[in-house]
Every structure is written in structure tokens, then in C-alpha cells.
Amino acid sequence: MSLYRSTLAGLYKLLKKKEISSQELTQVYLDRIEAHSDLNAFVTVDRTRALAQAQAADARLHAGTGTPLTGIPLAQKDIFCTEGLLTTCGSRMLANFVAPYDATVISRFNDAGSVLLGKTNMDEFAMGSSNETSFFGPVLNPWDRRCVPGGSSGGSAAAVAACLAPAATGTDTGGSIRQPAALSGITGLKPSYGRVSRFGMIAFASSLDQAGPMTRSAEDAALMLNVMAGFDPRDSTSVDRPVPDYTRTLDEPLAGLRIGLPREYFGHGLAAEVGRAIEAALEQYRRLGAKTVDVSLPNSGLAIPCYYVLAPAEASSNLARYDGVRYGYRAPEYADLWELYSKTRAQGFGAEVKRRIMIGTYALSAGYYDAYYLKAQKLRRLISADFASAFEHCDVIMGPTSPGTAFEFGSRSGDPVAMYLSDIYTISVNLAGLPGMSVPAGFDSGNRPIGLQIIGRYFDEAKLLNVAHRFQQVTDWHLRVPEGF
Ligand code: GLN
């Protein structure tokens with residue numbers, strides 16, 4: 001097998017045995033990024049910096065003080081602040097922004113001795129499901145260049161799928177790790193809210209945003225989460241709870257596992273081919289000793305309207321800081337302060353971001369607050385309670401990650417609601433703060449990947465990873481690589 005198709009676990013062994021150096025490995029991926037730049041997966045690649053980090057990692061490996069991710073090159077979503085490096089969040093507003101500090105996720109990878117290959121392309125301010133809202137242009141899906149890779153972490157998904165990086169980070173506010181993982185045929189994990197620090201991760205909707213790994217396997221996701229997870233005093237919503245070694249329980253048997261199947265996830269709107277692949281995956285789980293039980297999430301139909309009040313409300317507040325005064329884009333011409341604000345924001349933000357700011361501001365305004373924002377908060381509580389009742393009857397919940405497979409560029413960008421429906425099965429998980437995963441589970445007749453979603457109890461990441469890993473031991477969907485890569 002080619003080196004660049006290796007999992008993190010495989011690369012770690014090679015580095016440890018000194019069969020390859022981090023500098024050589026980093027060079028391999030940098031060359032691949034350049035050779036496949038047509039995918040547009042990266043916004044920024046800094047070869048010199050990457051190779052310097054690799055050199056430092058080699059010294060550490062040589063001294064025998066390496067840990068599992070030391071010397072491993074990784075791609076980071078361009079939503080994480082990286083000191084001295086461009087951090088754009090996919091927006092014109094931050095197209096010139098060099099972060100003065102590292103996000104906690106980035107410092108943790110630095111401490112582990114990983115190498116930063118580059119910053120991946122994404123939907124503007126993580127708003128989107130197709131990567132088409134990026135100021136830097138869309139990312140192509142390596143399985144089919146006419147199609148989107150999913151979003152908003154589309155650059156990370158395409159980079160891992162095309163083996164331009166062995167693993168990457170993403171963030172998930174309503175599905176942005178899981179949906180692109182599904183559409184690009186890789187493994188993605190959104191941890192429980194509070195598991196991974198949001199410090200230095202550019203805010204979209206603070207009560208929903210969560211960072212997580214995007215990888216070639218569940219085992220690799222466990223290795224990444226081991227580094228990413230943990231309490232951070234600089235994020236007041238990060239939870240002070242011990243971090244288990246997520247690799248330790250990967251192999252636990254699944255005999256007796258109760259898988260809940262929410263009837264709402266298998267009805268109208270689900271593409272037949274996706275439904276069949278999920279059924280086949282469930283059959284596989286039954287062979288592994290699990291049993292399936294029917295559960296219901298009666299309010300899941302309200303998740304999208306609820307989210308599209310709350311997320312824009314939070315975004316309208318978070319994005320108020322981009323005023324052209326302190327950092328980022330500033331309109332070149334203006335008559336007074338108000339015009340500085342309005343021109344900067346008119347020119348710096350794209351259409352989807354403006355739509356959300358307007359919806360959010362409206363929902364929060366006096367007179368509408370009770371009818372929209374408060375109502376949505378109440379719904380959020382009900383959606384969360386649905387999961388709590390379902391988990392009385394099962395250990396994990398499974399279903400499709402997305403109702404369909406990768407769609408063609410332009411096919412949904414003119415219709416926001418059609419685009420929003422891509423996340424119909426993922427959004428309620430964010431509203432409830434639960435962990436969710438997507439694992440490759442087949443292909444449609446056009447050879448486009450299908451993702452199986454696994455949802456867990458609060459802080460039950462170890463169980464999700466175990467359940468995903470056992471599936472990957474008996475299937476090879478996650479090992480497939482698109483033609484030409
Ligand atoms: N697609 C959803 C949105 O546009 C979710 C985005 C995300 O998870 N960052 O808001």
C-alpha cells in the first residue's frame with residue numbers, strides 16, 4: 001500500500017521504527033497537495049514552516065520522546081487561529097488576517113509534535129453544506145469533481161479523502177464534520193459539546209460549535225481525539241472531566257449492544273440507495289451481536305427551523321465584531337464611521353453570511369424575541385429530551401448521516417432551504433449537545449460515498465469509536481480511495 005494511504009496508526013509505527021522521517025513524510029504530503037491543487041482543498045500551505053516543524057519532530061522522535069502524533073502531518077480547518085499564519089475562515093472579511101495566537105486545538109497538536117501542513121478551505125464562517133460559500137472558491141469532491149465535498153469542513157474532507165493529509169480537523173455546528181465526511185467517504189466525529197476547547201476557534205454559533213477529527217478510520221479518530229479533548233480554562237463551556245484513552249476500548253465486543261433506529265430518520269426524503277446501504281450496515285452490526293430497537297425522536301422535524309433561528313441569532317451577535325476597525329477587511333473608502341461599518345460589512349461578507357445576520361438580528365429584536373428566539377430555545381429543550389427518552393431503550397442511535405450523496409455544484413446554491421435540508425439528520429445532535437459520528441458505509445450507483453451516522457450519549461465518545469471501529473474491522477468502505485489518488 002502506498003505510504004500516503006496509510007492510517008495515523010500505520011504512520012506512527014513507521015516513524016517510531018525510523019523507517020521514514022517526519023521530514024520525508026511531510027514532503028510526500030506537501031507534494032501531493034501541490035499535485036492536486038485543482039481540488040482547492042487548502043487556503044494556505046506553508047512549506048517552510050511545515051518542514052521546520054517536521055525537523056523538530058524528528059529530533060524528538062530521535063530522542064525517544066515522541067507520542068503517537070509526533071511527526072505526523074495534519075491539515076487544520078481554516079477556522080482555527082494559527083499564530084503567524086493566515087486564518088481566513090473562508091471569508092473576504094478575514095482574507096488578510098494573520099492570527100496573533102494559537103487556538104487551543106492548534107497548541108495541543110503543536111505540543112504533541114504534529115506538523116501543520118496547511119489550512120483547509122471551508123464555507124464562509126462555517127455557514128454552508130457544500131463549500132460553495134467560501135470566498136476562496138468551492139472545493140471539488142475527489143470522488144466526482146462535478147460534485148461538492150459537503151460543508152462546511154469540505155476542504156478537510158477532500159484533503160483526507162484524496163490522501164493530501166492523513167487526517168484533519170473540522171468543526172461541526174449543525175453537521176459540518178459529519179456531512180462532509182459522509183459525502184467524501186471518510187470518518188468524522190463531532191464530540192459532545194464541551195469536550196474540545198473552542199478557544200481560538202472562530203465562533204459561528206457558540207452554543208453549538210464543536211471541533212473534532214476527520215480521518216481515514218475510527219482508530220485514527222481516537223488518536224486525534226486523545227490530543228484534542230480536555231478541559232481548557234480559557235473556554236468557559238469546556239467541561240472539566242477526565243479524558244479516557246480513546247484507543248483503549250476500540251476492540252470491545254458489541255454483543256448485546258442495543259442500536260436505536262429512529263423512525264423519523266428512515267422516512268420521506270431519504271434516497272433509496274442511502275437507505276439500502278444503511279440497512280446493510282445494520283445487518284452487519286446484527287452479525288456482530290448487536291440488536292436493533294425502534295425508537296422515536298418525535299420533534300426531529302422541528303430541528304431545522306429551530307436551528308435556523310438559534311444559529312443565526314448567535315451568529316449575528318458573534319459576527320458583530322467584524323467592523324473594519326480592529327482587524328480584518330476594511331472598506332477602502334468611507335465618509336464617516338457608519339459608512340466604514342456598513343461598507344466594510346457589505347463588501348466583506350458573502351450572501352449566505354448576510355442572510356444569517358439578518359435572520360438572527362430579526363429573531364432577536366424586541367417584539368420578535370419571544371415568538372422566535374425563545375420559542376426555538378424551548379424546542380431545543382424538547383429535542384434534547386427526545387434523545388434522553390430514546391437512550392432509555394438503546395446504547396447508540398444509528399441512521400443515515402445525510403439524506404443523499406454528494407450533489408452537483410450549483411444544484412442547491414440557489415435554494416437555501418434545499419441546502420439546509422442536507423443536515424436534517426445531523427442538526428438535532430448539535431442542539432442536544434451529543435456526540436455523533438459518520439463512518440463510510442457504501443457507495444451509490446454513481447460511486448459516490450454514503451455515510452452511516454452513529455449518535456451517542458453525552459460524553460460517550462469512547463463507545464461511538466468502539467462501535468465504529470468494530471464495523472471497520474469487518475468492512476472496507478473506509479479503505480477505498482477515489483480513482484486517481
Ligand atoms: N450546514 C449547516 C449550516 O450551514 C451547518 C454548518 C456547520 O455545522 N458549521 O449552518
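For ligands, and for the atoms within them, numbers begin at 1 and follow the listed sequence. In this text the structure is predicted, and so the values were computed from the model without any measurement.
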- Give yes or no for whether the N/O distance cutoff of 3.5 Å, strictly under, is met between Gly174 and ligand 1. yes

- Task: Establish, yes or no, whether a centroid distance under 6.0 Å links the rings of Phe391 and Tyr458.
- Result: no

- How close does the nearest protein non-hydrogen atom get to atom 10 (O) of ligand 1, and which residue and atom is it? Tyr307 OH, 2.6 Å

- Determine whether the aromatic ring centres of Phe97 and Tyr322 lie less than 6.0 Å apart. no

- Quick look: Asp423 vs ligand 1, heavy-atom contacts under 4.0 Å, and the answer is side chain

- Query: Quick one: does Ser207's side chain get under 4.5 Å of Leu310's, heavy atoms only?
  - Reply: no

- Does Gln179 come within less than 4.0 Å of ligand 1, judged by its heavy atoms? no

- Query: If you count the atoms of ligand 1 from 1 in the order shown, which ones are under 4.0 Å from a heavy atom of Met127?
  - Reply: 4 (O)

- Item | Atoms of ligand 1, numbered as shown, that sit under 4.0 Å from any heavy atom of Asp172 | 8 (O)

- Task: Around atom 7 (C) of ligand 1, find the nearest protein heavy atom and jot down its residue, atom name and distance.
- Result: Ser176 OG, 2.4 Å

- Query: So do the side chains of Cys163 and Arg216 get within less than 4.5 Å of each other, counting heavy atoms only?
  - Reply: yes

- Answer yes when Glu352 and Arg355 have at least one side-chain N-carboxylate O distance shorter than 4.0 Å, and no when they do not. yes

- Thr171, any N or O under 3.5 Å of ligand 1 N or O: no

- Message: Heavy-atom distances under 4.0 Å decide this one: backbone, side chain, both or neither, for Glu352 against ligand 1?
- Response: neither

- Query: Mind checking whether Tyr307 and Phe204 have parallel, tilted or perpendicular rings, split at 30° and 60°?
  - Reply: perpendicular

- Task: Number the atoms of ligand 1 from 1 as they appear, then name those within less than 4.0 Å of a heavy atom of Ala126, with their elements.
- Result: 6 (C), 7 (C), 9 (N)

- Query: Looking at Phe443, does the NZ or CZ of Arg480 lie under 6.0 angstrom from its six-membered ring centre and within 45 degrees of the ring axis?
  - Reply: no

- Give me the ring orientation class for Tyr373 and Tyr369: parallel if the planes are under 30° apart, tilted from 30 to 60°, perpendicular past 60°. tilted

- Check ligand 1 against Phe204 and write out every atom of the ligand that is under 4.0 Å from a heavy-atom position of the residue. 9 (N), 10 (O)

- Task: Check if Ser152 has a non-hydrogen atom at a distance under 4.0 Å from any atom of ligand 1.
- Result: yes

- Message: For a quick test of reading the model, state the closest non-hydrogen atom pair linking Met398 to Leu261 and the distance between them.
- Response: O-CD2, 3.8 Å

- Query: Among protein heavy atoms, which sits nearest to atom 3 (C) of ligand 1, and what does the distance come to when rounded to 0.1 Å?
  - Reply: Tyr308 OH, 3.2 Å

